[in-house]
K.L.:
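The structure that follows is given in the form of structure tokens.
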Amino acid sequence: MKKQAVFEEIAAEIAQRVGNGIYVTSQKLPSEYDLAEEFQCSRLTVRKAVDLLIKQNILMKEKGKGTYVMKQPKIQSGSGGLQSFTETAKAQGKTTRTEILHFETVTHLPEKIYQAFGAYANEEIVYLVRRRYFDEEPMTIENLYILKRYLGDCTKEQLRASLYQVIEQHIEIGYSHQEVEAVKVTPDLAKLLEVATDEPLLLVHSMTYSPSAKPILYDTSFYRADKYTFKNTLVRQK
């Protein structure tokens with residue numbers, strides 16, 4: 001596994017402080033000099049860490065005044081580009097845990113998913129259901145259909161981690177088309193996600209492709225609407 005660069009480790013620590021409320025919304029960060037002293041590194045390394053967090057929409061620089069914490073009302077997917085659930089959590093200083101609820105190789109697909117895979121729909125496809133946690137709090141139920149060729153001989157333990165890491169050993173992930181809608185929770189989902197039966201959920205349909213438009217996986221997932229949002233932050237370019 002590739003070792004993290006020092007600036008990435010510092011960025012992860014600062015992001016964790018934001019997530020834990022040590023650095024709060026609109027708070028000005030310590031100076032580059034002070035952070036360099038704390039982390040025992042160069043100011044250039046701190047600057048690279050801050051730049052990374054600005055790209056992730058966690059921090060914002062105000063010209064001539066300093067660096068501030070952006071408002072983080074909910075866990076955000078999409079603000080850092082196409083990221084896995086694990087990558088989104090890591091960027092926001094969260095830990096993850098995964099339970100596998102169902103795993104099988106299927107030969108018959110629902111019509112909508114069959115059409116989405118097109119010419120690849122007759123290949124072996126794995127159906128995987130997972131419950132994902134952020135900091136030991138259930139956050140999403142994933143229903144995944146994945147072309148088996150892109151999973152290789154991965155173990156069940158690997159299926160509990162980031163699927164993107166497994167898949168990218170076999171093919172490059174390019175982009176994903178997503179549709180998001182609000183739905184009413186069912187009793188089964190309410191129990192799995194530990195929410196009240198009158199809570200809304202976010203239902204996300206997504207199809208992920210390689211850069212050359214080869215289908216990789218179809219994902220139908222339910223997210224807690226009280227904790228999770230799909231959002232892009234628009235930053236004014238100067």
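Only this structure's heavy atoms are used, side chains among them; waters, hydrogens and symmetry mates stay out.
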K.L.:
Verify whether one side chain among T186 and D188 offers a donor that lies under 3.5 Å from an acceptor in the other.
P.N.:
no
K.L.:
Less than 4.5 Å apart, side chain to side chain, heavy atoms only: is that true for Q158 and Q165?
P.N.:
no
K.L.:
Looking at K214 and E123, does any basic side-chain N land under 4.0 Å from a carboxylate oxygen?
P.N.:
no
K.L.:
Looking at E179, I'd like to know if its CD atom is crowded, meaning that more than 12 non-hydrogen atoms belonging to other residues, nucleotides or ligands lie closer than 6.0 Å.
P.N.:
no
K.L.:
What are the two closest non-hydrogen atoms of L109 and A121, and how far apart are they?
P.N.:
CD1-O, 3.9 Å
K.L.:
Working to the nearest 0.5 angstrom, can you tell me the gap between Y223 OH and L203 CG?
P.N.:
10.5 Å
K.L.:
Please name the pair of heavy atoms, one in F117 and one in P215, separated by the smallest distance, quoted to 0.1 Å.
P.N.:
O-CG, 3.7 Å
K.L.:
Hey, is the main chain of V126 close enough, under 3.5 Å, to the side chain of T105 for a donor-acceptor pair?
P.N.:
no
K.L.:
Y145: which residues meet the ring pair (Phe, Tyr, Trp, His ring centres under 6.0 Å) condition with it, sequence neighbours left out?
P.N.:
Y127
K.L.:
Please check this pair: side chain of Q27 against backbone of V24, looking for a donor-acceptor N/O pair closer than 3.5 Å.
P.N.:
yes
K.L.:
With no hydrogens and no angle check, is any side-chain donor or acceptor of R131 less than 3.5 Å from a backbone partner on L192?
P.N.:
yes
K.L.:
For S176 and S206, work out which heavy atoms get closest and say how close.
P.N.:
OG-CB, 3.6 Å
K.L.:
Roughly how far apart are E37 CD and E32 CD, rounded to 0.5 Å?
P.N.:
13.0 Å
K.L.:
Under 3.5 Å, side chain of K28 to main-chain N/O of K65, donor-acceptor pair present?
P.N.:
yes
K.L.:
Determine the minimum heavy-atom distance between A49 and F7, stating which atoms define it.
P.N.:
CB-O, 3.3 Å
K.L.:
Using side chain to side chain contact (heavy atoms under 4.5 Å, CB included) as the criterion, list what pairs up with Q40, not counting sequence neighbours.
P.N.:
none
K.L.:
Are D219 and V204 side-chain neighbours, meaning at least one heavy-atom pair lies under 4.5 Å?
P.N.:
no
